[in-house]
Amino acid sequence: MEQPIRMKNNGQINIVFNAENRKALQKDLPIKEMLEQEIPHQHAALREIEEELKSLVGMEEMKRMIKEIYAWIYINKQREAKGLKIGRQALHMMFKGNPGTGKTTVARLIGKLFQKMNVLSKGHLIEAERADLVGEYIGHTAQKTRDLIKKAIGGILFIDEAYSLGRGGEKDFGKEAIDTLVKHMEDRQHEFILILAGYSREMDYFLSLNPGLHSRFPLVVDFPDYTIDQLMEIADRMLQEREYIMNREAARKLKEHLIILRSFRGSISFSNGRYIRNVIEKSIRAQAMRLLMEDSFEKTDLMTLTGQDLNFEDDEKE
């Protein structure tokens, strides 16, 4: 995708990563070229975050998004210093996509950047799910939710599978958690950032449960699944970090397995980067057992995963 940020009619900004087969309009090219220029040396915070993003696969559009948010905040500070009006905008976000597509990792990087820019006083990340917000009796849920928000002040509250708060119907305490979140998003909107994450379709339904939710998320970010080649790159990077390599047979076997998995099980049932990590860790354990039985401890053997070490039978039965 050539233009990562699109303004919708409701004022919401929608960001899509790695979208394919889209052509940028000629009038958009100067902005694109500007975003790709090297960051000036005085913007150390942005340069540091971008260095961390380079270690992630498939995050080109995220780099552009972060640059635009950084620029908007920085220019607002310059306007304030010159006595001009500034627009204070809530930075609550919604991340939509399958598990293992980098949502939590990106949330941590955003917290770090905003702390360095003094947008957030601490920049820490509080991760939560339904059980951390929903209580067992009337009034309990509101208190649990308020306590969680209190812990997140100065940083980011990241709620994964947020749509589960709306699955229990009218009598479920999840609705109480939603109402409490909405109130504090408004009352303390510049004291913390709320990021809700989950599957795309379920998150769209979740937004419809409270009329105040939709307008309170100016940034909606879509995380598409990694391509097969990107998953292979993730595997290579994970192996390099652990000082392992795959031989040609193992690499071929893994790629063929991923193609079959994507074709037959679909993207929803398999967790992208998280799945790759599990495969790598399982293969390393299998290699250890093989080397133990072979009594083979040469350096090359200790580093190399073979096709024999990759076993997907358990995964296919799930």
May I ask you to test the [X]-[Y] pair for a side-chain heavy-atom distance under 4.5 Å?
X	Y	value
Pro99	Tyr199	yes
Phe312	Leu261	no
Phe95	Leu196	no
Val106	Val221	no
Thr104	Leu125	yes
Leu133	Thr180	no
Asn272	Phe223	no
Tyr74	Lys77	no

Hey, quick one: are [X] and [Y] part of the same hydrophobic cluster, counting side-chain heavy atoms closer than 4.5 Å, chains of contacts allowed?
X	Y	result
Leu291	Ile245	no
Val119	Ile86	no
Met238	Leu302	no
Ile193	Trp72	yes
Val279	Met232	yes

Interatomic spacing from [atom1] in [X] to [atom2] in [Y] - rounded to 0.5 Å:
X	Y	atom1	atom2	answer
Leu120	Lys112	CG	NZ	14.0 Å
Tyr163	Glu202	OH	CD	5.5 Å
Leu181	Ile159	CG	CD1	4.5 Å
His184	Glu191	NE2	CD	9.5 Å
Gln115	Lys122	CD	NZ	11.0 Å
Leu109	Leu113	CG	CG	9.0 Å

Do NZ/NE/NH1/NH2 and the carboxylate oxygens of [X] and [Y] come within less than 4.0 Å?
X	Y	value
Arg242	Glu281	yes
Asp229	Lys255	yes
Arg130	Glu161	no
Arg108	Glu127	yes
Lys96	Asp204	yes

Notebook entry, point to check: Do Asp147 and Gln143 have side-chain atoms, one donor and one acceptor, less than 3.5 Å apart?
Noted result: yes

So which heavy atom on [X] is nearest to which on [Y], and how close?
X	Y	result
Thr304	Gln287	O-NE2, 3.1 Å
Lys144	Val134	NZ-O, 3.4 Å
Met303	Glu243	CG-O, 3.7 Å
Ile126	Ala152	CG1-CA, 4.0 Å
Gly154	His124	C-CE1, 3.9 Å
Leu231	Gly273	CD2-N, 4.1 Å

Using modelled atom types only, decide if a donor and an acceptor are shared between the side chain of [X] and the backbone of [Y] within a distance under 3.5 Å.
X	Y	answer
His92	Leu194	yes
Lys253	Thr306	no
Thr141	Gly135	yes
Lys103	Asp160	no

Review point. With a cut-off of 6.0 Å (strictly less than), are more than 12 heavy atoms of other residues, nucleotides or ligands near CD of Glu136?
Key: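 Atom CD in Glu136 is not packed in, count stays at 12 or less.
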
Should the heavy atoms of other residues, nucleotides or ligands under 6.0 Å from CD of Glu294 be counted, would the total exceed 12?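 Yes, because the 6.0 Å sphere around CD of Glu294 holds more than 12 heavy atoms from other groups.
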
Fill in: Arg79 vs Asn76, side chain to side chain contact (heavy atoms under 4.5 Å, CB included): CA-CA, chis, key distance, verdict
CA-CA 5 Å; Arg79 287 175 59 86; Asn76 258 354; 4.1 Å; yes

* So which of Ile195, Asp132, Leu148 actually passes side chain to side chain contact (heavy atoms under 4.5 Å, CB included) with Leu157? ->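 Of the listed residues Ile195, Asp132, Leu148, the side chain to side chain contact (heavy atoms under 4.5 Å, CB included) partner of Leu157 is Leu148.
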
**Item:** Derivation of the side chain to side chain contact (heavy atoms under 4.5 Å, CB included) call for Ile110 and Met93
**Value:** CA-CA 11 Å; Ile110 288 172; Met93 305 179 189; 3.8 Å; yes

Sorted by chain and number, sequence neighbours left out, salt bridge (charged side-chain N to carboxylate O under 4.0 Å, His left out) with Arg237 holds for Glu233

Candidate pair Asp179 and Thr145, rule side chain to side chain contact (heavy atoms under 4.5 Å, CB included), full reasoning | CA-CA 10 Å; Asp179 294 341; Thr145 304; over 6 Å; no

